[in-house]
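Only one structure is covered here, and it is reproduced in the block below.
Quick caveat: nothing in here was measured; it's all calculated off a predicted structure. Just so you know, these numbers use all the heavy atoms, side chains as well, and skip hydrogens, waters and symmetry mates.
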Amino acid sequence: MRPPVALSIAGTDPSGGAGIHADLKTFTALGVYGTTVITALIAQNTHGVSRVYGIDEDFVADQLAAVFDDLPVDAAKTGMLGTRGLVELISAELRSRRPGRLVVDPVMVATSGHQLLDADAVDAVRTELMPLADVITPNLSEAALLLGDDVPAARTPEQMRAQARELLARGARAVLLKGGHLDSGELVDILAQGTDSGPEFLEFTHPRRDTPHTHGTGCTLAAAVTAGLAAARRAGPAEPLGEHLPGVVETALDYLGRAIASGADWELSLDPEGSHGPVDHLVDIGIAGGRGTASTGTGNRPPEGAASTPSTAAPRAAEPAADQEASA
């Protein structure tokens with residue numbers, strides 16, 4: 001007897017809103033056992049990133065061995081990897097050790113503009129890491145960069161579907177393309193899955209919420225998807241990904257929407273001007289009084305106020321200009 005086990009391979013956030021700190025909170029809130037491999041030490045807070053301190057590749061390899069040699073990893077996610085060497089190392093380790101499911105959050109640039117992935121590492125993400133992924137979770141600018149250095153970001157849901165289709169053709173099994181940067185009155189996220197008969201698409205729409213507190217939203221969503229996949233893998237390891245992924249994504253989006261809503265009026269920063277605070281990762285534990293449960297997408301009753309169909313979810317804030325900070 002054991003709980004589902006999830007692994008985050010990512011950087012840190014001493015302010016607690018993004019990176020492995022956000023991932024562990026999300027894993028806990030959604031009822032899975034969280035583990036981590038730290039790829040970089042990042043000095044950041046709600047105002048941005050000030051410094052990134054890289055970790056030796058051999059020590060990252062030692063951390064991976066420590067987790068995989070001892071624990072059954074039902075699902076893993078990658079976040080900030082930083083360098084080409086780390087992308088290549090982690091891709092090789094994941095190819096060899098193969099967790100139950102893999103979510104790739106292609107973190108490239110912080111909201112503050114700080115570069116989080118070396119330019120020569122982007123191609124390694126495209127060619128080595130992305131084909132290993134069961135799901136990738138790019139925002140609009142990240143999706144465009146994964147397709148090519150000069151590809152413009154999608155500006156409409158139709159263009160999002162076209163780019164998600166191309167990402168599937170490049171090797172990803174599924175794409176959750178986040179549309180928080182769309183210039184529209186509502187947010188649109190698109191889930192594209194490859195099938196034998198061609199790509200299948202689901203759209204999730206959310207009303208925009210007016211709040212600056214969106215620090216770590218990208219890694220929180222990817223962590224919630226990872227938690228759901230870990231729970232599903234633990235419950236039924238032989239079940240095909242496509243059977244439960246839409247339900248997992250819907251539950252993850254609803255969790256994020258409620259976490260944003262709960263933290264929308266927080267005043268954490270000593271200097272609130274220009275601050276982008278975190279979401280309330282423990283919304284189901286500390287405020288609602290209940291206990292979060294990772295959904296396998298098979299019959300879980302949504303919380304009060306949750307979406308009842310794949311087309312809608314709880315209100316969600318627009319993503320910051322370059323998505324999350326140094327995210328998980």
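In this structure a side-chain-to-backbone donor-acceptor pair under 3.5 Å is missing from Ser96 to Ala92. A donor-acceptor contact shorter than 3.5 Å links the side chain of Thr211 to the backbone of Ala264. For Gln44 (side chain) and Thr12 (main-chain N/O), a donor-acceptor pair under 3.5 Å exists by modelled atom type. Not a single donor-acceptor pair under 3.5 Å links the side chain of Thr251 to the backbone N or O of Val248. A donor-acceptor contact shorter than 3.5 Å links the side chain of Lys178 to the backbone of Thr137. In terms of modelled atom types and a separation under 3.5 Å, the side chain of Thr35 and the main chain of Ala6 share a donor-acceptor contact. One N or O on the side chain of Asn139 and one on the backbone of Glu142 form a donor-acceptor pair closer than 3.5 Å. A donor-acceptor distance shorter than 3.5 angstrom exists from the side chain of Thr195 to the backbone of Gly198, with no hydrogens or angles considered. Remark: the backbone N or O of Ser8 is not paired with any side-chain donor or acceptor of Thr36 at under 3.5 angstrom. Judged by distance alone, the side chain of His215 and the main-chain N or O of Ser15 form no donor-acceptor pair under 3.5 Å.
Residues Pro278 and Leu268 form a side-chain contact, since some pair of their non-hydrogen atoms from C-beta on lies under 4.5 Å apart. You'll find the side chain of His213 stays beyond 4.5 Å of the side chain of Thr46, heavy atoms only. Side-chain contact check for Ile190 versus Phe204: every heavy-atom pair is 4.5 Å or farther apart. Proximity of Val279 to Ser262: side-chain heavy atoms (C-beta onward) are nowhere separated by under 4.5 Å. Looking at Leu140 and Met160, their side chains come closer than 4.5 Å, going by heavy atoms from C-beta outward.
Evaluation of the side-chain hydrogen bond (donor to acceptor under 3.5 Å, both in side chains) rule for Glu93 yields Arg97 as partners, not counting sequence neighbours. Considering only residues two or more places apart in sequence or on other chains, Arg84 meets the salt bridge (charged side-chain N to carboxylate O under 4.0 Å, His left out) condition with Glu88. For Arg165, the side-chain hydrogen bond (donor to acceptor under 3.5 Å, both in side chains) test picks out no residue, with sequence neighbours left out. Partners of Ala172 according to the side chain to side chain contact (heavy atoms under 4.5 Å, CB included) rule, which considers only residues two or more places apart in sequence or in another chain, are Met130, Ile136, Val175. Shown here are the side-chain hydrogen bond (donor to acceptor under 3.5 Å, both in side chains) partners of Asp149, two or more places apart in sequence or in another chain: Arg126. In terms of the side-chain hydrogen bond (donor to acceptor under 3.5 Å, both in side chains) criterion, Gln193 has no residue partners (sequence neighbours excluded).
Summarising the local packing, CZ of Phe201 is surrounded by more than 12 heavy atoms from other residues, nucleotides or ligands at distances under 6.0 Å. Counted within 6.0 Å of CG on Asp69, heavy atoms from surrounding residues, nucleotides or ligands total more than 12; the atom is thus considered enclosed. Heavy-atom neighbours of Glu267 CD from other residues, nucleotides or ligands within 6.0 Å: at or below the threshold of 12. Heavy-atom contacts from other residues, nucleotides or ligands closer than 6.0 Å to CZ of Arg155 number 12 or fewer. Counting non-hydrogen atoms of neighbouring residues, nucleotides and ligands closer than 6.0 angstrom, the CG atom of Asp150 reaches no more than 12 such neighbours.
With salt bridges taken as basic N to acidic carboxylate O contacts below 4.0 Å, none links Arg258 and Asp280. Using a 4.0 Å cut-off between charged nitrogen and carboxylate oxygen, Asp134 and Arg101 count as a salt-bridge pair. Between Arg2 and Asp74, at least one side-chain nitrogen of the basic residue sits less than 4.0 Å from a carboxylate oxygen of the acidic one, meeting the salt-bridge criterion.
Residue Val125 is tested with Leu117, Val107, Leu145 for a side chain to side chain contact (heavy atoms under 4.5 Å, CB included); the sole match is Leu117.
The minimum heavy-atom distance linking Asp13 with Gly17 is given by the pair OD2-N, 3.0 Å.
Residues Asp271 and Ser269 have side chains that never bring a donor and an acceptor to within less than 3.5 angstrom of each other.
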(message) Using the rule given for side chain to side chain contact (heavy atoms under 4.5 Å, CB included), can you reason through Glu239 versus His244, listing the C-alpha separation, both sets of side-chain angles and the distance that settles it, and then say yes or no?
(response) CA-CA 8 Å; Glu239 186 176 341; His244 52 256; 3.4 Å; yes
